[in-house]
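What follows is a single structure, written as structure tokens, with notes after it.
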Amino acid sequence: MTVLILALIAGAVVGLTLGALGGGGSVLAVPALIYLLGFTPAAATTASLIIVTATSLTALYAHARAGHVRWKAGAAFAAAGILPAAAAGAAATHMPQTVLTVAFAAIAALSAIKMLRPAATARPKDGGVRPGKAAGAGAGLGTLTGLLGVGGGFLAVPALVTVLAFEMEAAVGTSLLVITVNSLASLATRSGAAASLDWALIGPFIGTAILGAWDGKRIAAKVSATHLQRIFAMVLLAVAAFMLADAVT
């Protein structure tokens, strides 16, 4: 019963984060699955992809209703990451658990630092869109999603702002489309691993995450995005430090 309650609480937090910031949910989902629910790193990355896919679809619907999703540009950006996500997902099943944990902690720390430096996400002065750079960013994001089981929204949002010159609301909404596509591509290579997961915990986790995503969207409309990002970044740094310490000891 205690583990079930933890799954419900963790799911709510992940959903709130994803709905409010357009990403970051999976960066919390993976450590929650490992340290609160007892999943192995490999199982946690697969479960995280399932959770984030379901939650992202819910949040995507909410943002689409508000007109914050640019479907054509988002689909092109996501398409560049489909094959890398699938290939990385297959490779991740053969990687040592410690390597996955250290890599995840490093990515979490880097994303937190990036969030604490909002000036780095400013638009290009010329406002131009570079197709090659956009494709490269999309492919890199897909690789990250497949390898570490993260949706990549915490990197997709700044990428859409800097590479495609999106305003923040459109970047947050469109990032959810990118997250969903990349997560599904990676899951396609992990069907066997998904079948062996503990669905008695994943189901409630997904349920509260979906409900949290709706509330997160409402929070985003009332609270400064910069303030939310800074709070999340500090939490993320603490999580990254804990995971890194655990991996090397």
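This is a predicted model, so every value here is computed, not measured. For this chain, numbers begin at 1 and follow the sequence in order.
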Discussion item. Would the distance check show the side chain of S56 and the main-chain N or O of T53 forming a donor-acceptor pair, the cut-off being under 3.5 Å?
Written reply: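 Not at all, since once roles are kept as given, no pair shorter than 3.5 Å links the two residues.
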Worksheet item: Are any side-chain N or O atoms of T174 and backbone N or O atoms of A171, one a donor and one an acceptor, separated by less than 3.5 Å?
Response: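 Between the backbone of A171 and the side chain of T174 there is no qualifying donor-acceptor contact (under 3.5 Å).
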Kindly give the heavy-atom pair with the smallest separation between [X] and [Y], and that separation in Å.
X    : Y    : answer
G146 : S186 : CA-OG, 3.2 Å
L60  : G173 : CD1-O, 3.8 Å
A240 : A105 : CB-O, 3.4 Å
I202 : A47  : CD1-CB, 3.8 Å
S175 : L160 : N-CD1, 3.7 Å
A139 : P84  : O-CB, 3.5 Å

State yes or no: do [X] and [Y] share one hydrophobic cluster built from I, L, V, M, F, W and Y residues joined by side-chain heavy-atom distances below 4.5 Å, directly or via other members?
X    : Y    : answer
F242 : V13  : yes
I107 : L141 : yes
V181 : L83  : no
L6   : M243 : yes
V99  : L110 : no

Point-to-point distance, once rounded to the nearest 0.5 Å, from [atom1] of [X] to [atom2] of [Y]:
X    : Y    : atom1 : atom2 : result
I9   : L4   : CD1   : CG    : 10.0 Å
I51  : S183 : CD1   : OG    : 11.0 Å
L187 : T189 : CG    : OG1   : 7.5 Å
I179 : L184 : CD1   : CG    : 11.5 Å
L237 : I113 : CG    : CD1   : 6.0 Å

Discussion item. Considering only residues two or more places apart or on different chains, which pairs with a residue in residues 48-71 satisfy salt bridge (Lys or Arg N to Asp or Glu O under 4.0 Å)?
Written reply: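 Of all non-adjacent pairs touching residues 48-71, those that pass salt bridge (Lys or Arg N to Asp or Glu O under 4.0 Å) are R70-E167.
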[X] side chain near [Y] side chain, heavy-atom distance below 4.5 Å:
X    : Y    : result
V172 : H63  : yes
L176 : V69  : no
L147 : M95  : yes
I50  : W199 : yes

Item to complete: List the steps, then state whether side-chain contact (heavy atoms from CB on, under 4.5 Å) holds for F77 with L177.
Response: CA-CA 10 Å; F77 191 89; L177 172 62; over 6 Å; no
Return all side-chain donor-acceptor pairs below 3.5 angstrom for residues 31-43, not counting sequence neighbours, or 'none' if the list is empty.
unit_1	atom_1	unit_2	atom_2	d
Y35	OH	D246	OD2	3.1
T40	OG1	A43	N	3.1

